[in-house]
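Taking it in order: structure first as structure tokens, then the write-up.
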There are 2 protein chains.
Amino acid sequence: MSVQWRVAKRVDPESCRAWQLLMKFYFVQRRHLPEWAGESGLSQVQCHVLHLMEPGRPVPMSRLAEALSCDASNVTGLVDRMEARGLLARRAAPGDRRVKVLELTPAGERLRAEMLRHMTGQPLPLASLTADERRALVGLLERLVGED
Amino acid sequence: MSVQWRVAKRVDPESCRAWQLLMKFYFVQRRHLPEWAGESGLSQVQCHVLHLMEPGRPVPMSRLAEALSCDASNVTGLVDRMEARGLLARRAAPGDRRVKVLELTPAGERLRAEMLRHMTGQPLPLASLTADERRALVGLLERLVGED
DNA sequence: TATTGTTATACTCTATAACTATA
DNA sequence: TATAGTTATAGAGTATAACAATA
């Protein structure tokens, strides 16, 4: 870890400020996550699962563990509880009898849609931006978060 | 909840897209939070506490519960564990003998600085933006997340 | 009376290690 | 042998209710 290396890693002030604000945004959102769950009592990780599970797109358990950056044994219990609540279901995967894929139930799809509705509009004052500014923000975020 | 109300709440496509991307950003960051904790094994909520606790600024327990949107009884256990790890300390508050204020220890300050360093630069490709774009992003985020 | 923080309790989240079934 | 998922276990996070000390 030489001086040269540290100099090479030095970033400009705008990037530092941008990162400060992105971190702050993350924690502001984290604080308001209970509101997104609404009356349903979803936990943070359950909100994350619901966000990841798109209707009509089965997801193997192992892929969920990867997407959550958590251990596979964790996913077992998590899916147990969400399945017991009727939000999703395990199904056999064609081609490999070891894997189980997850699908949203109709109730799960409804709750997911409700959560997404709760998330949009709170708590940031997006309306305070002009139409041009919103377009610029979308363009920048597309570059950062990507399309996938 | 009349039809008029629902029409009044309708938002433009740019705002919808912006919200989709902001939500995605949140969950992308959430996934990478274990990396921010580095070798220290900090949990998500402990990272949140460290982010909130600025060196030299004592915080009452009740204010921490409010900032985390969680119950006061939760804060008791959380602070117990972080205090046991030597990251922060309870102190009596002048003027009101009911309240206890929290302060970072030197070890807590060091770990906080290390966490902030880990957070900046990962996992978003901020370097892919031009200097002008970074300035624009900072300006928009300042408006959204505010200064506080 | 109201507020700050704690305790007791119960449930959820999380990782580690050992295991089964399948590839 | 390696991989997908489960079980057992232990510790951390979380809310509810009841409580003590203070305002």
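Naming convention: chains lettered A, B, ... in sequence-line order (proteins, then strands); numbering from 1 in each chain. All values derive from a computational prediction rather than experimental measurement.
Listed pair B/Arg97 / D/dA23 meets the phosphate criterion, a side-chain N or O lying under 4.0 Å from OP1 or OP2. At the phosphate of C/dT6, OP1 or OP2 sits under 4.0 Å from a side-chain N or O atom of B/Arg90. Contact check, B/Arg98 against D/dA20: no side-chain N or O comes under 4.0 Å of OP1 or OP2. Taking side-chain N and O atoms only, A/Gln44 has no distance below 4.0 Å to OP1 or OP2 of D/dG13.
Here D/dT14 is the nucleotide among C/dT12, C/dG5, D/dT14 with the atom lying nearest to any side-chain atom of B/Arg81. Comparing D/dG5, C/dG5, D/dT22 by their closest approach to the side chain of B/Val99 singles out C/dG5.
Following rounding to the nearest Å, B/Leu64 (CG) and D/dG13 (C1') show an atom-to-atom distance of 14 Å. Rounding to whole angstrom units, NE2 of residue B/His48 and P of D/dT14 are separated by 10 Å. Between the P atom of C/dT7 and the CG atom of B/Leu78 lies a distance of 15 Å, rounded to the nearest Å. As rounded to whole Å, 9 Å separates atom P of D/dT6 from atom CG of A/Leu102. Taking atom CG of residue A/Leu42 and atom P of nucleotide C/dC13, one finds them 10 Å apart after rounding to whole Å. Atom NZ of A/Lys100 is separated from atom P of C/dA23 by 13 Å (rounded to the nearest Å). Distance CZ (B/Arg91) to C1' (C/dT4): 18 Å, rounded to an integer number of Å. One atom, CZ of A/Arg30, and another, P of D/dG13, lie 10 Å apart when rounded to the nearest Å.
Across residues 65-76 of chain A, A/Ser69, A/Cys70, A/Asp71, A/Ser73, A/Asn74 each have a non-hydrogen atom less than 4.0 Å from an atom of DNA chain C (numbered order).
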| task | Output, in order, the C-alpha distance, side-chain angles, deciding distance and verdict of salt bridge (Lys or Arg N to Asp or Glu O under 4.0 Å) for B/Arg90 and B/Glu103. | result | CA-CA 7 Å; B/Arg90 288 169 165 97; B/Glu103 281 180 341; over 6 Å; no
| Please walk me through it: do A/Asp80 and A/Arg85 pass salt bridge (Lys or Arg N to Asp or Glu O under 4.0 Å)? | CA-CA 9 Å; A/Asp80 281 347; A/Arg85 278 191 58 177; over 6 Å; no
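In the model, B/Asp132 has no side-chain atom that pairs as donor or acceptor with a side-chain atom of B/Thr130 under 3.5 Å.
Residues B/Phe25 and B/Trp19 place their aromatic rings such that the two centres sit no closer than 6.0 Å.
Put simply, the side chain of B/His48 never gets that close to the backbone of B/Gln44: no donor and acceptor are under 3.5 Å apart.
Within a 6.0 Å radius of CZ in A/Arg57, other residues, nucleotides and ligands contribute 12 heavy atoms or fewer.
The existence of a salt bridge linking B/Arg17 and A/Glu142 is confirmed by a sub-4.0 Å separation between a basic side-chain nitrogen and an acidic carboxylate oxygen.
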